[in-house]
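FYI, side chains are in, hydrogens and waters are out, and symmetry mates aren't considered; it's all heavy atoms of this structure.
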Amino acid sequence: QVELVESGGGSVQAGGSLRLSCSASGLTHSTYCMGWFRSTPGKEREGVVLVDSNGRTTYAASVKDRFTISQDKTKDTLDLHMNSLKPDDSALYYCAADLVIGDCSASLGRGYYGMDYWGKGTLVFISS
């Protein structure tokens, strides 16, 4: 059974940085697409960044050049390094995984229905 557990959320001022971590277990295949999504009340779950099984990344335009994803397959961890944070980045951030071979960039725009496995989320609040 796949389990994803997020950590690292918190509250920082605009312009600051945070690092989110996702610890994964039960990923029995090497062909997982993994990534981060976020949601706010009244809005669809939004894709932030994905990394496919070949290590290719796809970032949402709103976070490109500010956020960086890093993956350690030996430890089954997935980190999201967030810099130059803005109040609009405030959200519940979810780690997600999907059994996909190769390019999974299209899943970024599919929200909840784009991925098979989800963590429970970690809250990020950016004050102005």
Side-chain angles (χ1 to χ4, degrees):
Q1 178 154 348
V2 175
E3 184 177 22
L4 305 173
V5 179
E6 304 94 339
S7 62
S11 177
V12 296
Q13 288 189 323
S17 300
L18 276 175
R19 186 184 75 178
L20 306 183
S21 294
C22 174
S23 179
S25 60
L27 297 176
T28 57
H29 301 275
S30 62
T31 55
Y32 278 94
C33 172
M34 295 193 69
W36 291 90
F37 288 70
R38 64 188 182 185
S39 69
T40 54
K43 291 181 68 175
E44 294 285 334
R45 192 167 296 192
E46 174 190 22
V48 176
V49 58
L50 292 175
V51 54
D52 70 19
S53 57
N54 295 313
R56 291 173 299 203
T57 56
T58 304
Y59 288 89
S62 60
V63 305
K64 195 173 176 62
D65 298 328
R66 297 190 298 121
F67 291 11
T68 304
I69 193 170
S70 61
Q71 184 178 31
D72 186 339
K73 289 191 175 183
T74 63
K75 298 180 181 179
D76 281 339
T77 58
L78 189 75
D79 288 351
L80 182 64
H81 305 265
M82 305 187 294
N83 299 313
S84 302
L85 284 160
K86 305 174 183 180
D88 284 349
D89 294 318
S90 299
L92 187 61
Y93 282 74
Y94 298 92
C95 179
D98 194 16
L99 186 58
V100 176
I101 299 174
D103 183 14
C104 65
S105 57
S107 297
L108 196 71
R110 295 181 182 151
Y112 177 80
Y113 299 100
M115 308 293 278
D116 283 341
Y117 304 102
W118 295 89
K120 294 181 179 179
T122 185
L123 192 60
V124 170
F125 178 74
I126 312 303
S127 59
S128 57

For this session: Mark yes when over 12 heavy atoms from residues, nucleotides or ligands other than L123 sit less than 6.0 Å from its CG; otherwise mark no.
Result: yes

In Å and rounded to the nearest 0.5 Å, what is the [atom1] to [atom2] distance from [X] to [Y]?
X    : Y    : atom1 : atom2 : answer
N83  : S17  : CG    : OG    : 4.0 Å
D79  : S7   : CG    : OG    : 8.0 Å
R38  : L80  : CZ    : CG    : 9.5 Å
Y112 : S39  : OH    : OG    : 12.0 Å
F37  : L108 : CZ    : CG    : 6.0 Å
D52  : Q71  : CG    : CD    : 9.0 Å

Side chains of [X] and [Y]: closer than 4.5 Å at any heavy-atom pair?
X    : Y   : value
Y94  : L4  : no
T40  : L92 : no
M115 : C33 : yes
C95  : L78 : yes
M34  : I69 : no
F67  : V48 : yes

For this session: Specify the closest pair of heavy atoms between A14 and P87, including all atoms of both residues, with the distance to one decimal.
Result: CB-CD, 4.0 Å

Exercise. Which pair of non-hydrogen atoms, one from A97 and one from L27, has the smallest distance, and what is that distance?
Worked result: CB-CD2, 4.4 Å

Under 3.5 Å: donor-acceptor pair, side chain of [X], backbone of [Y]:
X    : Y   : answer
T122 : Y93 : no
N54  : R56 : no
R66  : S84 : yes

For this session: Please step through side-chain contact (heavy atoms from CB on, under 4.5 Å) for the pair Y59 and T68, ending with a clear verdict.
Result: CA-CA 9 Å; Y59 288 89; T68 304; 3.9 Å; yes

For this session: Identify the residue among D116, V100, V2 that makes a side chain to side chain contact (heavy atoms under 4.5 Å, CB included) with Y32.
Result: V2

Problem set entry | Single-linkage hydrophobic cluster, 4.5 Å side-chain cutoff, L50 and Y113 together | yes

Exercise. Going hydrophobic residue to hydrophobic residue with side-chain gaps under 4.5 angstrom, can you get from V51 over to W118?
Worked result: no

